Amino acid sequence: MADIEAFRDAVTVWAGGGSGEAAAELAGQLGVRSAVLLEGLSDLAAVEALAAGRGRDLADEGVCALSMGGAMNVGRYTELLGPPGLGLRLAGLCDEREQPFYDRALTRVGAPHEGFFVCVRDLEDELIRALGTEKVEEIVREEGDLRAWQTFLHQPAQHGRPRHLQLQRFLGTKKGRKIRYGRLLVEALGPGQVPAPLDDLLASL
């Protein structure tokens, strides 16, 4: 039986220049009505973790959150999944510095902008500031990354930098770490701590 991961894979193939036939067929079979466009897999992990924590199954609701493999791919994904393509409702997150690219892409395909929410730096930065650096460092210790964190802090480039920026950079220094911590940081959030862009995105779906 087809699942939402198969649809994601089909969209990735389509975005890479392949046929869109499989994506269109799976969208119909799965009842996909909305696509949440996210820059990378860490953002996807965070969105899915928050949805699960609130007892929501996005796939059952006809919502597919997917990674575009970089913000610069937003034009391609809006064309394929928005009004010119599958006609899905589009939503997502973007970083403030990349918002103009999203605005142009959405305007070009005639899609509403209201479902997109802006992080100042990126989602990891939003999560670190929401939790506080002490809590994030506690999670780093619990995950067995303390030695790697201490080694990172001794790098000359990190001397004198604000703690939250050091943590943000640390999360991106090893393959897979951002994805793992995208989920962990969301799961550690308490009531009222969810960053506004992420909270507003989920509420809009």
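Note that this is a predicted model, so its numbers are computed, not measured.
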Close side-chain approach of [X] and [Y], heavy atoms under 4.5 Å:
{"X": "Val186", "Y": "Val47", "value": "no"}
{"X": "Trp149", "Y": "Leu167", "value": "yes"}
{"X": "Phe152", "Y": "Arg169", "value": "yes"}
{"X": "Ser34", "Y": "Leu88", "value": "no"}
{"X": "Phe117", "Y": "Ser204", "value": "yes"}
{"X": "Lys178", "Y": "Glu124", "value": "yes"}
{"X": "Arg183", "Y": "Glu48", "value": "no"}
{"X": "Pro197", "Y": "Val118", "value": "no"}

Inter-residue atom distance [X].[atom1] - [Y].[atom2], 0.5 Å rounding:
{"X": "Gln168", "Y": "His164", "atom1": "CD", "atom2": "NE2", "answer": "7.0 Å"}
{"X": "Leu184", "Y": "Leu131", "atom1": "CG", "atom2": "CG", "answer": "10.5 Å"}
{"X": "Phe170", "Y": "Ile128", "atom1": "CZ", "atom2": "CD1", "answer": "10.5 Å"}
{"X": "Gln158", "Y": "Gln155", "atom1": "CD", "atom2": "CD", "answer": "6.0 Å"}
{"X": "Arg141", "Y": "Glu137", "atom1": "CZ", "atom2": "CD", "answer": "6.5 Å"}
{"X": "Cys119", "Y": "Glu96", "atom1": "SG", "atom2": "CD", "answer": "10.0 Å"}

Indicate the atoms forming the closest heavy-atom contact of [X] with [Y], along with that distance.
{"X": "Pro83", "Y": "Ala111", "value": "CD-CB, 4.0 Å"}
{"X": "Cys64", "Y": "Phe7", "value": "SG-CD2, 3.6 Å"}
{"X": "Ala35", "Y": "Leu81", "value": "CB-CD1, 3.8 Å"}
{"X": "Leu201", "Y": "Gly92", "value": "CD1-N, 3.6 Å"}
{"X": "Leu44", "Y": "Ala65", "value": "CD1-O, 3.4 Å"}
{"X": "Leu50", "Y": "Leu202", "value": "CG-CD2, 3.7 Å"}

Practice item. May I ask you to establish whether Arg104 and Phe101 are in a cation-pi arrangement, using a distance under 6.0 Å from NZ or CZ to the six-membered ring centre and at most 45° from the ring axis? Key: yes

Point to revise | Distance-only side-chain donor-acceptor flag, Gln150 / Arg147, under 3.5 Å | key: no

Practice item. Decide whether Asn73 and Glu39 meet the rule of one side-chain donor and one side-chain acceptor closer than 3.5 Å. Key: no

If hydrophobic clusters are built from ILVMFWY residues whose side chains come within less than 4.5 Å, do [X] and [Y] share one?
{"X": "Leu93", "Y": "Val11", "value": "no"}
{"X": "Leu123", "Y": "Leu58", "value": "yes"}
{"X": "Leu86", "Y": "Met68", "value": "yes"}
{"X": "Ile4", "Y": "Leu66", "value": "yes"}
{"X": "Ile139", "Y": "Leu153", "value": "yes"}

Check your understanding: Do Arg108 and Asp103 pass the salt bridge (charged side-chain N to carboxylate O under 4.0 Å, His left out) test, and can you show the C-alpha distance, the side-chain angles, and the key distance before you say yes or no?
Key -> CA-CA 9 Å; Arg108 187 168 60 248; Asp103 287 342; over 6 Å; no

Can any side-chain N or O of [X] pair as donor or acceptor with the backbone N or O of [Y] at less than 3.5 Å?
{"X": "Asp95", "Y": "Glu98", "value": "no"}
{"X": "Arg76", "Y": "Trp14", "value": "yes"}
{"X": "Arg33", "Y": "Arg89", "value": "no"}

**Study point:** Neighbour count >12 (heavy atoms, 6.0 Å) for atom NE2, His159
**Key:** yes

**Study point:** side-chain contact (heavy atoms from CB on, under 4.5 Å) between Tyr102 and His113, intermediate numbers included
**Key:** CA-CA 9 Å; Tyr102 282 69; His113 296 221; over 6 Å; no

Using a strict cut-off of less than 4.0 Å between a Lys/Arg side-chain nitrogen and an Asp/Glu carboxylate oxygen, indicate whether [X] and [Y] qualify as a salt bridge.
{"X": "Glu61", "Y": "Arg56", "result": "yes"}
{"X": "Asp145", "Y": "Arg180", "result": "yes"}
{"X": "Arg163", "Y": "Glu134", "result": "no"}

Review point. What residues form a salt bridge (Lys or Arg N to Asp or Glu O under 4.0 Å) with Glu126, not counting sequence neighbours?
Key: Arg129

Practice item. Would you check, one step at a time, whether the test side-chain contact (heavy atoms from CB on, under 4.5 Å) holds for Glu21 with Leu26? Key: CA-CA 9 Å; Glu21 185 176 340; Leu26 286 166; over 6 Å; no

Exercise for review: May I have the step-by-step check of side-chain contact (heavy atoms from CB on, under 4.5 Å) for Leu106 and Leu90, ending in yes or no?
Suggested key: CA-CA 9 Å; Leu106 293 166; Leu90 301 179; 4.1 Å; yes

Exercise for review: Show the numbers, then the answer: is there a side-chain contact (heavy atoms from CB on, under 4.5 Å) between Leu127 and Tyr181?
Suggested key: CA-CA 10 Å; Leu127 291 168; Tyr181 278 91; over 6 Å; no

